[in-house]
There are 2 protein chains.
Amino acid sequence: MASSDGAPAPAKARLRDVAQEAGVSLSTASKALNDKAEVSPTTRARVREAAERLGFVPNALVHSILAGRSGTVGLITNDLEGRFSLPILRGAEDAFGAGQMSVFLCNGREDAIREQYHLRALLSRRVDGIIVVGSRTNPRPSIARRVSVPVVYAYAPSHDDADVSVVVDNVRAGEIAAEHLVATGRTRIAHITGDATYTAATDRAAGARAALADAGLDFVGPVRYGSWSEAWGRGATAAVLDAPQPVDAILCGSDQIARGALDVLHERAVRVPHDIAVASFDNWEPMIAGTRPSLTSVDMQFDAIGRRAAHLLFAALDGKATPGVERVTPRLVVRGSTVPQA
Amino acid sequence: MASSDGAPAPAKARLRDVAQEAGVSLSTASKALNDKAEVSPTTRARVREAAERLGFVPNALVHSILAGRSGTVGLITNDLEGRFSLPILRGAEDAFGAGQMSVFLCNGREDAIREQYHLRALLSRRVDGIIVVGSRTNPRPSIARRVSVPVVYAYAPSHDDADVSVVVDNVRAGEIAAEHLVATGRTRIAHITGDATYTAATDRAAGARAALADAGLDFVGPVRYGSWSEAWGRGATAAVLDAPQPVDAILCGSDQIARGALDVLHERAVRVPHDIAVASFDNWEPMIAGTRPSLTSVDMQFDAIGRRAAHLLFAALDGKATPGVERVTPRLVVRGSTVPQA
DNA sequence: CTGTTAGCGCATTCAC
DNA sequence: GTGAATGCGCTAACAG
């Protein structure tokens, strides 16, 4: 098992054993370990020591039954790679306070049956609440009508307005990106983005367009919807460059699309950002890290989503549910693809 | 909360409530729901129906206490992005059988204190076992000497030979990659890889060198250790091309390094794979997806590691622990960077 | 200050 | 067939 030395058999010690070892009664031992009531310091010390010696770890299962709260939450994800889930989990862990709340992570894999299966297991384990993380930003079906614990939807909102959801404000993301391009003097901006069936694509485009309108501008050419791939970034960028109207900036729907764009610009000896600036969305570190120049990108603040989801779950536990969709504001990270760097 | 319709208050139903609703005693209800002993079909049906109506979900906490096994395992990860953890979790979920076993995922964040904290929480929740996922392949300290449940180390092995570990066979990975290059007719192979303090770098290099030796070959030039970045891939590739000895293949320590290499080769109008073949390690989909040509890479089989870890944990639960390090064989994925594609 | 008792929700003996 | 009784590990009221 765990130890190589012939350590004392790691049989789980019970409070009873501790009490016996310390020569006190069950309840005294309990009080001593829980800093309860009046227990003489000597006794307390003796109990503590006994517990230490026996490697006593209180049984949280029992405590959960007694308290009616388990101190656990379920996180149901549908995101295979963990691209969103892990950062969100991190944020949630932070908000919960490490060790206070433990998280059951289960992967629904986009399969409703599987999700139901996991849901049942979570309820059976008496989680205090559930966070559902979607795989895309589109609204998703509510998890179940009769769930006995609060549910918070993260990243992908629930279809049902009565549910509690936290999402990235993609419209705002679009605005932020466009405002930045305008602020750095760009006026002829093309937009290449992903699949139009993703609200992430349409929302960002709408936000950007609105921000441009505020500056008396509009996109040059149509919004070029395609796929979230580098290949599409390359293809669409070539089309943009070959179009009659010149551009001085390309806003890309994702870092991967932007990589494709940079590739083609480099190939055609277009200087970035001097001739054409490039900005994108996601700020996905591994994608960003290697680009030349480094990529200005709008960060989606997954950690913040996780933290807010945890907070909203807490609030719901206290009966203070806040139905509706909360939007987290993304954050622009400026790098060399829009502003020349030292 | 969860439901928008005025669904019946989702107060958790207890077995007692079901029994009452069905007009039977507690134990009869229990037997009926657990397909136990002799209960008249009519009674059983009546109980079932009552349970359904009340949305009864058995309390697994109680069952865990009674059975002495909780049906949960802890997964302690140190991998911030979930790059390894999530695929490993997936594999483990598969091996456990969805819903049978629930997984507590906690993030140690490379912080021993934090890890201990989580460990304590897991033990308190009476997990049946623990899987520890490292952030790099280097051996890591054993989690604790006196842990009362089996522990399996995944990805990064434990320092302690008495522990149970499952890792990728990086030496084999190196061999596989080199064998492939040799099999496709390459004889002058350079190797660019990451930080030499990572065993992943040194093991792969050693494996590749051994395979080359079997073919009467050796690397052209020194193994170029650096960092796991595209920038290093670019820099080192330039150095390789500028060196006096010509090469016909570059083996890269990671997909990111390979991206950097492809970049420079493309820039210098070197044809891949015609003039120089490129192969790498990790087979990380998002990194691979956009390259031109697509990248031949050795897949690290994280799912398999997760599955094996789960199996080993099961075995240990049955008292059949298998101390030592088990190595999972990686798998070559051939693409256009080594073999011209249709 | 310390010990005794009841009971959390359920499965599992046993009697009836 | 069915139901009342014991107990899992622990804490919260009570007594002493």
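Since we're looking at a predicted model, the values are computed, not measured. Lettering of chains follows the sequences in order, A, B, ..., and the numbering in each one begins at 1.
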Extract from the structure each pairing of a protein N or O with an N or O of nucleotides 9-12 of chain D at less than 3.5 Å, listing the distance.
{"from": "D:dC10", "atom 1": "OP2", "to": "A:Leu15", "atom 2": "N", "distance (Å)": "2.4"}
{"from": "D:dT11", "atom 1": "OP1", "to": "A:Asn34", "atom 2": "ND2", "distance (Å)": "3.3"}
{"from": "D:dT11", "atom 1": "OP2", "to": "A:Ser30", "atom 2": "OG", "distance (Å)": "2.9"}
{"from": "D:dA12", "atom 1": "OP2", "to": "A:Lys36", "atom 2": "NZ", "distance (Å)": "3.1"}

Is there a donor in the side chain of [X] and an acceptor in the side chain of [Y], or the other way round, less than 3.5 Å apart?
X: A:Ser30; Y: A:Ser27; answer: no
X: A:Ser158; Y: A:Ser165; answer: no
X: A:Thr72; Y: A:Arg125; answer: no
X: A:Ser85; Y: A:Thr77; answer: yes

So, do A:Ile130 and A:Val73 sit near enough that their side-chain heavy atoms are less than 4.5 Å apart?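 No - every pair of side-chain heavy atoms lies 4.5 Å or more apart.
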Quick one: [X] [atom1] to [N] [atom2], roughly how many Å, whole number?
X: B:Arg69; N: D:dC8; atom1: CZ; atom2: C1'; value: 15 Å
X: B:Lys12; N: C:dC8; atom1: NZ; atom2: P; value: 16 Å
X: A:Arg44; N: C:dG3; atom1: CZ; atom2: C1'; value: 16 Å

Please report, to 0.1 Å, the donor-acceptor pairs under 3.5 Å made by any side chain of residues 314-327 of chain B, with sequence neighbours excluded.
{"from": "B:Glu326", "atom 1": "OE1", "to": "B:Arg308", "atom 2": "NH2", "distance (Å)": "3.2"}
{"from": "B:Glu326", "atom 1": "OE2", "to": "B:Arg308", "atom 2": "NE", "distance (Å)": "2.5"}
{"from": "B:Glu326", "atom 1": "OE2", "to": "B:Arg308", "atom 2": "NH2", "distance (Å)": "3.4"}

Just do the salt bridge (charged side-chain N to carboxylate O under 4.0 Å, His left out) check on B:Asp79 and B:Arg109 with the steps written out, would you? CA-CA 7 Å; B:Asp79 147 28; B:Arg109 307 188 199 180; over 6 Å; no
B:Ser25 side-chain N/O to D:dG3 phosphate OP1/OP2 under 4.0 Å: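 So the side chain of B:Ser25 is within the cut-off, an N or O lying under 4.0 Å from OP1 or OP2 of D:dG3.
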Could you grab the distance from atom CZ of A:Arg307 to atom CD1 of A:Ile88, nearest 0.5 Å is fine?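 Answer rounded to 0.5 Å: 11.5 Å.
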Using five base pairs at each end, measure the axis-to-axis angle across the helix from C:dC1-D:dG16 to C:dC16-D:dG1 and round it to 10 degrees.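 It works out to 50° between the end axes.
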